[in-house]
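In what follows, a structure is listed as structure tokens, so that the remarks can point back to it.
Computed from a predicted structure; not experimentally measured.
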Amino acid sequence: MAITVLVTGGSSFLGSHVVAALLQAGHTVRATVRAADRAAQVRAAARDAGVPDVTVAERLSVVEADLSRDAGWGAAAAGCTAVVHVVAPSSRTVVKHESEMTEPIVEGTLRVLRAARDAGVKRVVLTGTESAVRYAPNKSLAYDESMWSDPAKMVGMPYHKAKVLAEKAAWDFVAAEGVTMELVTILPGGIIGPVLGEVREASLSGTVDAVRMMLRGEMPALPLYYLGYIDARDLAELHVLALTHEGAAGQRFLADSAPLSLAEVSSLLRARLPAGSSAISRLPTRELPNFLIRVLGSLMPAFMALVAVDVGQRKVLGPSEKVARVLGWSPRREVGESLADTAA
């Protein structure tokens, strides 16, 4: 059954894929942007994904709503059956105090949930992060959706900590409000895949940014860091399924591949790039010693600090047995294919 869905952050890297997947599934989409001048970008991205012009014209609308302000959210959610909350400040934003990251992400999530509740929305799908599971106490290094990271121990990673706190706040909100609105959370690993239209550099995933750094020769040596990956197109399709599948209500789902080291990612890129590509010679092959990564992690924010926590640990968060069992879903694209499309 076709429904009307509100998608937050329709001009973002993942948001643009979610908008396209919903339209292709026959739904009507209302996408939010922070500034009205990004509306054309949302429509162009949908067309870039292969959505016909007539569908974009008839079933896609774009409204202005900023997560830092209440204005616009009531009107944005009005008449919608479901909400996909994708948007959050960039993981690459540098802050002096972690509260500068945690408060906007948590409050923005609650602002969307309040608007959804007041509009009578039936289900909200929240894009979380595998970091909400990755840092749970667990000696086996095998993780599943029943586990929760301890935010108090997530030092030096304000974005990931904020996403964990936002997911917790969302579950608490739904429980405390006692409403019939259902919540589903999707917890992806590193998001890769093609960039649609003219998506702004700041909205790209940190993983896409890391791949591009490799291709530009800006990462001459690699830490021994393992991460699972998910194509943005597959992830968008999972969001669509989570909106409509009866078994998804009240559930968390990891969306991840088996873990790959950054050296394995570099090798996959080398194998998939066109013969003669100048980027092949720039791809790193050397690995940095673990002790050096830990030292750098104590000195550098964001990516290196995040890597330093897990250096040398092959944590397994995917593929998720639960998402396959409950939703019958598995990604359609191999990581190598997705990396090639990221590099294109």
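- The residues Glu177 and Arg114 are annotated as not salt-bridged, no charged nitrogen and carboxylate oxygen being separated by less than 4.0 angstrom.
- Counting only residues at least two apart or on different chains, the side chain to side chain donor-acceptor pair (under 3.5 Å) pairs with a member in residues 242-256 are Glu167-Arg252, Gln251-Lys322.
- Panel note: side chain Gln24, backbone Ala49; a donor-acceptor pair is recorded below 3.5 Å.
- A donor-acceptor pair under 3.5 Å links the side-chain atoms of Ser16 to the main chain of Phe13, judged by distance alone.
- Looking at Thr185 and Val125, their side chains never come closer than 4.5 Å, going by heavy atoms from C-beta outward.
- At least one donor-acceptor pair under 3.5 Å links the side chain of Gln41 to the backbone N or O of Ser11.
- Atom CD1 of Ile191 is separated from atom CZ of Arg233 by 13.5 Å, given to the nearest 0.5 angstrom.
- Under a 4.0 Å N-O distance rule, the pair Arg332/Asp231 does not qualify as a salt bridge.
- A pairwise comparison of heavy atoms in Arg123 and Ala249 identifies NH2-CB, 3.5 Å as the closest pair.
- Rounding to the nearest 0.5 angstrom, the gap separating the OG1 atom in Thr342 from the OH atom in Tyr229 is 10.5 Å.
- The two residues Leu215 and Ala343 have their closest heavy-atom pair at CD1-CB, 3.5 Å.
- Annotation for Val87 and Gly9: closest pair CB-CA, 3.5 Å, computed over non-hydrogen atoms.
- Considering only heavy atoms from C-beta on, Leu187 comes within 4.5 Å of Val133 through its side chain.
- Of the possible donor and acceptor atoms, one in the side chain of Ser267 sits under 3.5 Å from a partner among the backbone N and O of Ala263.
- The structure places CG of Leu254 at 10.5 Å from CZ of Arg134, a figure rounded to the nearest 0.5 Å.
- Heavy-atom minimum distance, Thr32 versus Ala76: CG2-CB, 4.3 Å.
- Taking the side chain as every heavy atom from C-beta outward, Val5 and Thr28 never approach each other to under 4.5 Å.
- Heavy atoms of other residues, nucleotides or ligands lying less than 6.0 angstrom from CD of Glu218 number more than 12.
- No donor-acceptor distance shorter than 3.5 angstrom exists from the side chain of Ser277 to the backbone of Leu273, with no hydrogens or angles considered.
- For the pair Gln313/Leu224, no side-chain contact is recorded, criterion being any heavy-atom separation below 4.5 Å from C-beta on.
- Leu235 and Leu196 fall into different hydrophobic clusters, where Ile, Leu, Val, Met, Phe, Trp and Tyr are joined by side-chain heavy atoms under 4.5 Å apart, directly or via other members.
- A continuous path of ILVMFWY side-chain contacts below 4.5 Å connects Val265 to Leu288, so both sit in one hydrophobic cluster.
- Counting only heavy atoms from C-beta outward, the side chains of Trp73 and Val112 approach each other to under 4.5 Å.
- Between the CD atom in Glu64 and the CG atom in Asp37 there is a gap of 8.5 Å [rounded to 0.5 Å].
- Looking at Asp66 and Arg69, a side-chain N of the basic residue comes within less than 4.0 Å of a carboxylate O on the acidic one, giving a salt bridge.
- Between the side chain of Arg30 and the backbone N or O of Ala78, at least one donor-acceptor pair lies under 3.5 Å.
- Taken together through direct or relayed side-chain contacts under 4.5 Å among Ile, Leu, Val, Met, Phe, Trp and Tyr, Val83 and Trp171 form part of one hydrophobic cluster.
- With rounding to the nearest 0.5 angstrom, the CG atom of Asp209 is 11.0 Å from the CE atom of Met214.
- Checking side-chain atoms of Asn138 against main-chain N and O of Ala142 turns up a donor-acceptor pair under 3.5 Å.
- A 6.0 Å sphere centred on CZ of Arg286 holds no more than 12 heavy atoms belonging to other residues, nucleotides or ligands.
- Looking at Arg59, its side chain does come within 3.5 Å of a backbone N or O of Leu23 through a donor-acceptor pair.
- Without hydrogens or angle criteria, Ser261 side chain to Glu264 main chain gives a donor-acceptor distance under 3.5 Å.
- Considering OG of Ser266 and CE of Met219, their distance stands at 9.5 Å, rounded to 0.5 Å.
- Residues Val124 and Val184 fail the side-chain proximity criterion, which asks for heavy atoms closer than 4.5 Å.
- A donor-acceptor contact under 3.5 angstrom links the side chains of Ser320 and Glu145, judged on distance only.
- Under a hydrophobic clustering in which Ile, Leu, Val, Met, Phe, Trp and Tyr are joined whenever their side-chain heavy atoms come within less than 4.5 Å, directly or via other members, Val63 and Val29 fall into different clusters.
- We find that Lys315 and Glu130 are not joined by a salt bridge, their nearest charged nitrogen and carboxylate oxygen being 4.0 Å or further apart.
- Note: the hydrophobic cluster containing Leu165 does not contain Met147 (ILVMFWY, side chain heavy atoms under 4.5 Å, direct or indirect links).
- If you run side chain to side chain donor-acceptor pair (under 3.5 Å) between Ser131 and each of Lys163, His160, Lys161, only His160 comes through.
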Exercise. Run the side chain to side chain contact (heavy atoms under 4.5 Å, CB included) check on Asp310 and Tyr225 step by step: do they pass?
Worked result: CA-CA 7 Å; Asp310 278 349; Tyr225 178 69; 3.9 Å; yes
Problem set entry | Steps toward side chain to side chain contact (heavy atoms under 4.5 Å, CB included) verdict (Leu60, Val51) | CA-CA 10 Å; Leu60 173 61; Val51 179; over 6 Å; no
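- Residues Leu227 and Leu260 are not in side-chain contact: their nearest non-hydrogen atoms beyond the backbone lie 4.5 Å or more apart.
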For this session: Kindly indicate, with the supporting measurements, whether the criterion side chain to side chain contact (heavy atoms under 4.5 Å, CB included) is fulfilled by Leu6 and Val84.
Result: CA-CA 6 Å; Leu6 176 68; Val84 179; over 6 Å; no
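- With hydrogens and angles ignored, the 3.5 Å screen pairs a side-chain donor or acceptor of Asp234 with a backbone N or O of Arg333.
- The shortest heavy-atom contact between Tyr135 and Ser149 is N-OG, 2.9 Å.
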Problem set entry | Chi angles and distances behind the side-chain hydrogen bond (donor to acceptor under 3.5 Å, both in side chains) call for His239, Thr127 | CA-CA 8 Å; His239 280 70; Thr127 310; 2.8 Å; yes
Problem set entry | Check against side chain to side chain contact (heavy atoms under 4.5 Å, CB included), Val174 and Glu182 | CA-CA 8 Å; Val174 171; Glu182 299 167 341; over 6 Å; no
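- Between Leu14 and Ala232 the shortest heavy-atom distance is CD1-O, 4.0 Å.
- Side chains of Leu241 and Leu327 form a contact here, defined as non-hydrogen atoms less than 4.5 Å apart.
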